[in-house]
Number of protein chains: 2
Amino acid sequence: MEETDREIVRLLAADGRMSYTDLARATGLSTSAVHQRVRRLEQRGVIAGYAAVVSAEQVGLPLTAFISVTPLDPAAPDDAATRLAELPEIEACHSVAGEESYILKVRVAAPGALEDLLARVRAVANVRTRTTVVLSTPYENRPPAV
Amino acid sequence: MEETDREIVRLLAADGRMSYTDLARATGLSTSAVHQRVRRLEQRGVIAGYAAVVSAEQVGLPLTAFISVTPLDPAAPDDAATRLAELPEIEACHSVAGEESYILKVRVAAPGALEDLLARVRAVANVRTRTTVVLSTPYENRPPAV
DNA sequence: GCTGAAAGGCCCGGGCA
DNA sequence: TGCCCGGGCCTTTCAGC
């Protein structure tokens, strides 16, 4: 990928609603050239989509935690990720190497809701959990250095 | 927040570039009514911004890991988060309760680059690290259930 | 791949219910 | 709050190079 494309990706990562006209001004291309490049970046999957950044705090979910998860029955088929997907508090689910099987990132309203969520995680996926509470988040979702 | 606003937030979380006209069609309001509500959601910080979703894989960073970080000198001022911010491989930095001080989420090109990054993390922040490699990500960045 | 132009649609105020 | 309504801007497409 060459420099102009990377610049476009950077600009759209910072402001996903930037207009083609502004992108054109910022890159020194015409709007149609920019438009074509953005379309190609979308088709190649470099730009996977566009999203509004929703503030979990403002939406009543100020408590973030990481839950590491270990299956209680290693012989059972591992469909934990699928079963856990139905719990809306789970923002992310990563399968990992190491002592545990999955790391979940969750958002809840309060400590009591976390306790409740942990019970549901254990019940739904038949797992043991280890929870790390987030105290503050200096930064997250920084775009990759393109 | 009432149902129409939540619907707007859901729609924009799924497609951050949806036009006001389409939002209006989807919610049964006029475009200017939708426009006003979106502006209010932005002002209240419910919608913190808009971003293109950049695929780390497509951009040459297929390896994800979590790095737990513990200061070697607990007496030193804790500016680890600030110092670590200059490493572009770090996508997120969370201050956490528990044995360790921070959890970092990082993206690199290959195992060798992870080794190199770990050395830089230790050097920059004067910390001990514990790394968990991500094997696959069933899902991440799911919007909160608004 | 890029440019430029042209049509159609969208954005985004102001005014009023 | 929400709706209607313009003027201006943006998007999108299509030759032409």
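Lettering follows sequence order; numbering is per chain, from 1. What you are looking at is a predicted structure, and each value in this text was computed from that prediction instead of being measured.
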All side-chain hydrogen bond (donor to acceptor under 3.5 Å, both in side chains) counterparts of A:E42, not counting sequence neighbours: A:Y50
Hey, can you pull the residues of residues 37-46 of chain A with a non-hydrogen atom under 4.0 angstrom from DNA chain C? A:R37, A:R40
N/O (side chain, A:H35) to phosphate O (OP1/OP2, D:dT11) under 4.0 Å: no
Bend angle of the helix from C:dG1-D:dC17 to C:dA17-D:dT1, from helix axes over five pairs at each end, nearest 10°: 30°
How close or far is atom P of C:dC10 from atom OH of B:Y20, stated in whole angstroms? 14 Å
Please confirm whether any donor atom in the side chain of B:T21 sits under 3.5 Å from an acceptor in the base of C:dG9, or the reverse. no
For B:Y20, does the six-membered ring have the charged nitrogen or CZ of A:R17 within the cation-pi criterion, i.e. under 6.0 angstrom from the centroid and within 45° of the normal? yes
Look only at the side chain of A:R10 and the backbone of A:V146, and say whether a donor-acceptor pair between them is shorter than 3.5 Å. yes
Exercise: identify the closest heavy-atom pair between B:A26 and B:L11: CB-CD1, 3.8 Å
Describe the nucleic acid contact of A:S19 in one word from base, sugar-phosphate, nothing, applying a heavy-atom distance below 4.0 Å. sugar-phosphate
Pick the nucleotide of DNA chain C nearest each of A:Q36 and A:R17; which residue has the one closer to the 5' end? A:Q36
How close or far is atom P of C:dC12 from atom CG of B:L23, stated in whole angstroms? 13 Å
Tightest non-hydrogen contact, residues B:A92 and B:H94, listed as CB-NE2, 3.9 Å
Would you classify B:A33 as touching base, sugar-phosphate or nothing, given that sugar-phosphate means primed atoms plus P, OP1 and OP2, and contacts are heavy atoms under 4.0 Å? sugar-phosphate
Would you check if A:L29 and A:R37 make a side-chain contact, meaning some heavy-atom pair closer than 4.5 Å? yes
May I have the distance from A:L12 (atom CG) to D:dT11 (atom P), rounded to whole angstrom? 11 Å
Report yes if some heavy atom in the side chain of A:M18 is under 4.5 Å from a heavy atom in the side chain of A:V34; otherwise report no. no
Residue pair A:A13 / B:V54: nearest heavy atoms and the distance that separates them: CB-CG2, 4.1 Å
If only atom types and distance count, is the side chain of B:R130 paired as donor or acceptor with the main-chain N or O of B:T70 below 3.5 Å? no
